**Q** 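Have a look at this one before I ask anything.
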Amino acid sequence: MNESKSTNITWHEGQVSRTDREKMLAQRGCTIWLTGLSGSGKSTIAVAAEKVLNEMGRLTYILDGDNIRHGLNSNLGFSPDDRTENIRRIGEVSKLFTDAGLIVFSSFISPYRADRDAVREIMGEGDFVEAWVQATVETCEGRDVKGLYKKARAGEIPEFTGISAPYEEPNKAELLLDTNTQTVDESVAQIVEYLKTNGYLG
Ligand code: ADP
């Protein structure tokens, strides 16, 4: 689905570079890619981390599953091919926002390892920070914030990750956020510490 159909196109360089933008922002752009089951805590952690970073004077942006499916990806469903295309497009948007110098939180189940690796592949070294938001199906089902697990168990939602569709666990995530055992604040602190230690915050 992602083969290029465009020919005779060239990339136009501007006169303002990513480095110029990053200097202005006093930060290094990157994408924190939050992957994990529905209800594992991706959105909650992204929102809380963004608030903390904003208070530190950092420019951030959240890309979130449901929001993107309302607009950019409204023509995609949950079949394997559509999930792949969903992640491919979000990867490209993440790449652009990262190039703009932002600290992007991309919060998507993104259950297929190959899809996540493909995003890592298109981004520069250090631009893609994979954060596995880890929680067991039991934990997520116990929370069931949106009532989706109940529906999935009743067979009302086909291809539901963790129930009737697979989740392929990351094997090279830069961050492991275990929400079975740690609080939201602890996960946020872990992310901020990672950004500080690795030079993203200037
Ligand atoms: P996702 O974006 O992964 O689908 P959400 O963030 O929407 O998950 O939902 C996670 C739910 O779990 C929220 O209601 C949140 O308050 C709750 N929760 C309980 N404990 C934690 C924790 N330690 N980390 C993150 N979320 C938690």
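Indexing begins at 1, ligand by ligand and atom by atom, following the structure's order. FYI, side chains are in, hydrogens and waters are out, and symmetry mates aren't considered; it's all heavy atoms of this structure. Predicted, not measured: the structure shown is a model, and the values here were computed from it.
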**Q** Given R28, which of D127, I103, N198 fulfils the side chain to side chain contact (heavy atoms under 4.5 Å, CB included) condition?
**A** D127
**Q** What is the closest protein heavy atom to atom 6 (O) of ligand 1, and at what distance does it sit?
**A** T44 OG1, 2.4 Å
**Q** Just to be sure I read this right, does ligand 1 sit under 4.0 Å from the backbone of L37, its side chain, both, or neither, counting only heavy atoms?
**A**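 The answer is the backbone.
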**Q** Are any of the heavy atoms in S38 under 4.0 Å away from ligand 1?
**A**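 Yes; S38 lies near enough to ligand 1 that a heavy-atom distance drops under 4.0 Å.
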**Q** Report yes or no: does a heavy atom of V47 sit under 4.0 Å from some atom of ligand 1?
**A** no
**Q** So which heavy atom in the protein is nearest atom 23 (N) of ligand 1, and how far is it from that ligand atom?
**A**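 For atom 23 (N) of ligand 1, the nearest protein heavy atom comes out as Q182 O, 2.6 Å.
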**Q** Walk me through whether D20 and S17 qualify under side chain to side chain donor-acceptor pair (under 3.5 Å).
**A** CA-CA 5 Å; D20 294 328; S17 70; 3.2 Å; yes
**Q** Tell me which protein heavy atom sits closest to atom 10 (C) of ligand 1, plus the residue, atom name and distance to 0.1 Å.
**A**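 Looking at atom 10 (C) of ligand 1, the protein heavy atom closest to it is G39 O, 3.5 Å.
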**Q** Please write down residue, atom name and distance for the protein heavy atom closest to atom 8 (O) of ligand 1.
**A** G41 N, 3.2 Å
**Q** Using non-hydrogen atoms of the residue, decide whether V145 is closer than 4.0 angstrom to ligand 1.
**A**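 In this structure, V145 qualifies as a contact of ligand 1 - some heavy atom is under 4.0 Å.
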**Q** Is there a polar contact, in the sense of an N or O pair closer than 3.5 Å, between S107 and ligand 1?
**A** no
**Q** Hey, does the Lys NZ or Arg CZ of R69 hover above the aromatic six-ring of F78, less than 6.0 Å from the centre and inside 45° of the axis?
**A** yes
**Q** If you draw a 6.0 Å radius around CD in E121, do more than 12 non-hydrogen atoms from other residues or ligands fall strictly inside?
**A**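 12 or below, so no.
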**Q** Which residue owns the protein heavy atom closest to atom 21 (C) of ligand 1, what's the atom, and how far is it?
**A** R143 NH2, 3.4 Å
**Q** Output yes when R120 and E174 qualify as a salt bridge under the 4.0 Å nitrogen-oxygen rule, no when they do not.
**A** yes
**Q** For the side chain to side chain contact (heavy atoms under 4.5 Å, CB included) test, which of S110, P111, S107 pairs with T35?
**A** S110
**Q** Should the ring pair Y200 and Y194 be called parallel, tilted or perpendicular, given that the plane angle runs from 0 to 90° and is split at 30 and 60?
**A** parallel
**Q** Does K42 approach ligand 1 within less than 4.0 angstrom via side chain, backbone, both or neither, non-hydrogen atoms only?
**A** both
**Q** Can G36 be said to touch ligand 1, with heavy atoms closer than 4.0 Å?
**A** no
**Q** Of all heavy-atom pairs between E141 and I163, which one has the smallest distance, and what is that distance?
**A**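 That closest heavy-atom pairing would be OE1-CD1, 4.5 Å.
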